[in-house]
Amino acid sequence: MDDSLEKLSSMGGLIPAEYVWILQVFVVIFAALVANHYARRFFDRLEKRFAVSRHHWDELLLDAVRKPAALFIWAQGLFWALDILKANSDVDLFDVVDPIRRVTVILLLTWFVVRFVSGMEHQLVKPGDHRKPMDLTTAKAISKLLKAATIITAGLVMLQTLGFSVSGVLAFGGIGGIAMGFAARDLLANFFGALMLYFDRPFAVGEWVRSPDREIEGTVEDIGWRLTRIRTFDQRPLYVPNATFATISVENPSRMFNRRIYETIGIRYQDADKMRSIIKRVHQYLIDHEELETDHRTLIVNFDSYAASSLDFFIYTFTKTCNWVEFHRIKQEVLLDIFDILREEGADIAFPTRTLHLADGPQADLPVNH
């Protein structure tokens, strides 16, 4: 290309020899523009072909490589232009072009791998109608581990490329690990706390958790390397350090098999003769209820105590559903139907009352001093 441009400059003196490099830079930038245009058209054709394919991984690979490839074309054009400037200049600053070129290639490859891993995470969570999706927490854990491994590897390769000794860096990391451990023990504790959450799986993203030890209750939105984000029921975000879960008890209501109905009902003392019939009818009603689990869960309907103003019996049963809204609908239906049973038996719900007995005899006619 240099010879042809020099010939062009000598033909009629169109371009002075000292300005040939300007035309060379222009040609390189124009070539990068053309290459980027045809690369974009090539990717568009691949996208149309992959759209009719049954495999989703080819689309994932195409989406991951598209932006890094476009940036790679422009970067190569820029570096070639800088090489031309370096050849026509005595400035020492251009000596850093080659290391920057190698570092840029490593960064673009790392970006491609990270984009591919992110797309893989989405594909595993939402694979379509023909495959079973992977658990969101597991997919995020795999994705974060792969990304971390990719970034660490890329960092070591870049250090080696820039002339640093990787073995020396690793040795320094081993010597400084003790000091770093003391300085960042909370950060490391949260990091290993995140690993324990991924391995032990006490809860997953989307589940409802609460702690009897702390004021923690809500739906898990994200499990990060340092913090777990929980959305409380009043829609406030709650950020909990992962190390906290190693020292507290965590309850996971989302993994219940059933929800319990445990209620105490009191009838009047004048309805004591109806207690046996009421208990029998309520017991049979709960057995016949289609939305209550009475075959594999405990069912109790028993007279419980002589209260101050009532005769108390309690019901102890479980619903088949774990859904919070459905549970309350079923509980409401059960309580209203039990009230109907009481009325049908001629009984009624008791409420706090007080009976005052007046003494008979001469003292009853004595005046009361105020």
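Counting from 1, the numbers follow the sequence of the chain as shown.
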Check your understanding: When you look at Ile216 and Leu238, which way does the side chain to side chain contact (heavy atoms under 4.5 Å, CB included) test go after all the steps?
Key -> CA-CA 8 Å; Ile216 298 174; Leu238 179 64; 4.1 Å; yes
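- Asp222 contributes no side-chain N or O that, together with a main-chain N or O of Arg229, makes up a donor-acceptor pair within less than 3.5 Å.
- Across Val65 and Phe43, no two heavy atoms sit closer than the pair CG1-CE2, 4.2 Å.
- Hydrophobic clustering (side-chain heavy atoms under 4.5 Å, transitive across Ile, Leu, Val, Met, Phe, Trp, Tyr) groups Ile279 together with Leu292.
- Counting heavy atoms from C-beta outward, Val301 and Phe314 have side chains that stay 4.5 Å or more apart.
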Practice item. List the steps, then state whether side chain to side chain contact (heavy atoms under 4.5 Å, CB included) holds for Ile349 with Leu342. Key: CA-CA 8 Å; Ile349 301 292; Leu342 294 179; 3.2 Å; yes
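- Note on ring orientation: taking the six-membered ring where Trp is involved, the planes of Tyr269 and Tyr306 are parallel (angle under 30°, cut-offs 30° and 60°).
- At a threshold of 4.5 Å between non-hydrogen side-chain atoms, the residues Thr232 and Glu217 do not count as touching.
- Between Met158 and Val103 the shortest heavy-atom distance is SD-CG1, 3.5 Å.
- Between Asp312 and Ile265, the closest side-chain pair of non-hydrogen atoms is not below 4.5 Å.
- Residues Pro253 and Arg210 form a side-chain contact, since some pair of their non-hydrogen atoms from C-beta on lies under 4.5 Å apart.
- Within 6.0 Å of CZ on Phe233 lie more than 12 heavy atoms contributed by other residues, nucleotides or ligands.
- The CD1 atom of Ile106 lies 13.0 Å from the CZ atom of Arg101; values are rounded to the nearest 0.5 Å.
- Counting heavy atoms from C-beta outward, Leu299 and His283 have side chains that approach closer than 4.5 Å.
- Using a 4.0 Å cut-off between charged nitrogen and carboxylate oxygen, Glu221 and Arg231 count as a salt-bridge pair.
- The environment of Phe112 atom CZ is dense: over 12 non-hydrogen atoms of other residues, nucleotides or ligands sit within 6.0 angstrom.
- No donor-acceptor pair under 3.5 Å is formed between the side chain of Asp271 and the backbone N or O of Lys274.
- Judged by distance alone, with hydrogens and angles left aside, the side-chain atoms of Glu207 form a donor-acceptor pair with the main-chain N or O of Ala204 at under 3.5 Å.
- When side chains are defined from C-beta on, Phe313 does not count as touching Asp304, because their heavy atoms never get closer than 4.5 Å.
- Using modelled atom types, one side-chain atom of Thr150 and one backbone atom of Leu146 make a donor-acceptor pair closer than 3.5 Å.
- No salt bridge links Lys144 with Glu121; every basic N to acidic carboxylate O contact stays at or beyond 4.0 Å.
- Residue Arg255 places its CZ atom among more than 12 non-hydrogen atoms of other residues, nucleotides or ligands, all under 6.0 Å distant.
- A donor-acceptor pair is defined here as one N or O able to donate and one able to accept, closer than 3.5 Å; such a pair exists between the side chain of Arg259 and the backbone of Cys322.
- Tracing side-chain contacts under 4.5 Å through hydrophobic residues (I, L, V, M, F, W, Y), one never reaches Val114 starting from Leu109; they form parts of separate clusters.
- No donor-acceptor distance shorter than 3.5 angstrom exists from the side chain of Asp348 to the backbone of Arg343, with no hydrogens or angles considered.
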Practice item. Please assess Asn242 against Thr228 for the test side-chain hydrogen bond (donor to acceptor under 3.5 Å, both in side chains), listing each intermediate value before the final yes or no. Key: CA-CA 6 Å; Asn242 293 327; Thr228 293; 2.6 Å; yes
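- In terms of hydrophobic clustering, with Ile, Leu, Val, Met, Phe, Trp and Tyr side chains grouped at heavy-atom distances under 4.5 Å, Tyr198 and Ile230 are assigned to a common cluster.
- Residues Ser254 and Val209 fail the side-chain proximity criterion, which asks for heavy atoms closer than 4.5 Å.
- Checking side-chain atoms of Asn258 against main-chain N and O of Phe318 turns up no donor-acceptor pair under 3.5 Å.
- Salt-bridge annotation for Lys320 and Glu293: absent, with no side-chain N of the basic residue lying under 4.0 Å from a carboxylate O of the acidic one.
- In the hydrophobic cluster analysis, where Ile, Leu, Val, Met, Phe, Trp and Tyr join through side-chain heavy atoms closer than 4.5 angstrom, Leu78 is grouped apart from Trp74.
- Taking hydrophobic clusters as Ile, Leu, Val, Met, Phe, Trp and Tyr residues chained together by side-chain heavy-atom distances below 4.5 Å, Ile152 does not share a cluster with Leu108.
- For the pair Ile267 and Met275, the minimum side-chain heavy-atom distance is below 4.5 Å.
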Practice item. Please assess Tyr262 against Tyr316 for the test ring pair (Phe, Tyr, Trp, His ring centres under 6.0 Å), listing each intermediate value before the final yes or no. Key: CA-CA 5 Å; Tyr262 182 28; Tyr316 187 96; 5.4 Å; yes
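- Heavy atoms only, all atoms of each residue included: Val334 and Ile261 are closest at CG2-CD1, 4.5 Å.
- Between Ala39 and Ile73, the shortest heavy-atom contact is CB-CD1, 3.6 Å.
- Closest heavy-atom contact between Leu286 and Thr294: O-CG2, 3.6 Å.
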**Study point:** Candidate pair Phe203 and Phe245, rule ring pair (Phe, Tyr, Trp, His ring centres under 6.0 Å), full reasoning
**Key:** CA-CA 11 Å; Phe203 52 80; Phe245 295 106; 5.2 Å; yes
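- Within a 6.0 Å sphere centred on CZ of Arg226, heavy atoms belonging to other residues, nucleotides or ligands number 12 at most.
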Practice item. Might you work through the side chain to side chain contact (heavy atoms under 4.5 Å, CB included) test for Glu333 and Arg329, ending with a clear yes or no? Key: CA-CA 6 Å; Glu333 179 183 329; Arg329 180 189 64 79; 3.6 Å; yes
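- Between Glu263 and Lys331 there is a salt bridge, since at least one side-chain N of the basic residue sits less than 4.0 Å from a carboxylate O of the acidic one.
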Review point. For Ser309 and Arg268, what are the C-alpha separation, side-chain angles and deciding distance, and is it a side chain to side chain contact (heavy atoms under 4.5 Å, CB included)?
Key: CA-CA 7 Å; Ser309 303; Arg268 302 173 302 182; over 6 Å; no
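- In this structure, Val282 and Ile338 approach most closely via the heavy-atom pair CG1-CD1, 4.0 Å.
- Between the side chain of Thr244 and the backbone N or O of Pro241 there is at least one donor-acceptor pair closer than 3.5 Å.
- Summarising the local packing, CH2 of Trp80 is surrounded by 12 or fewer heavy atoms from other residues, nucleotides or ligands at distances under 6.0 Å.
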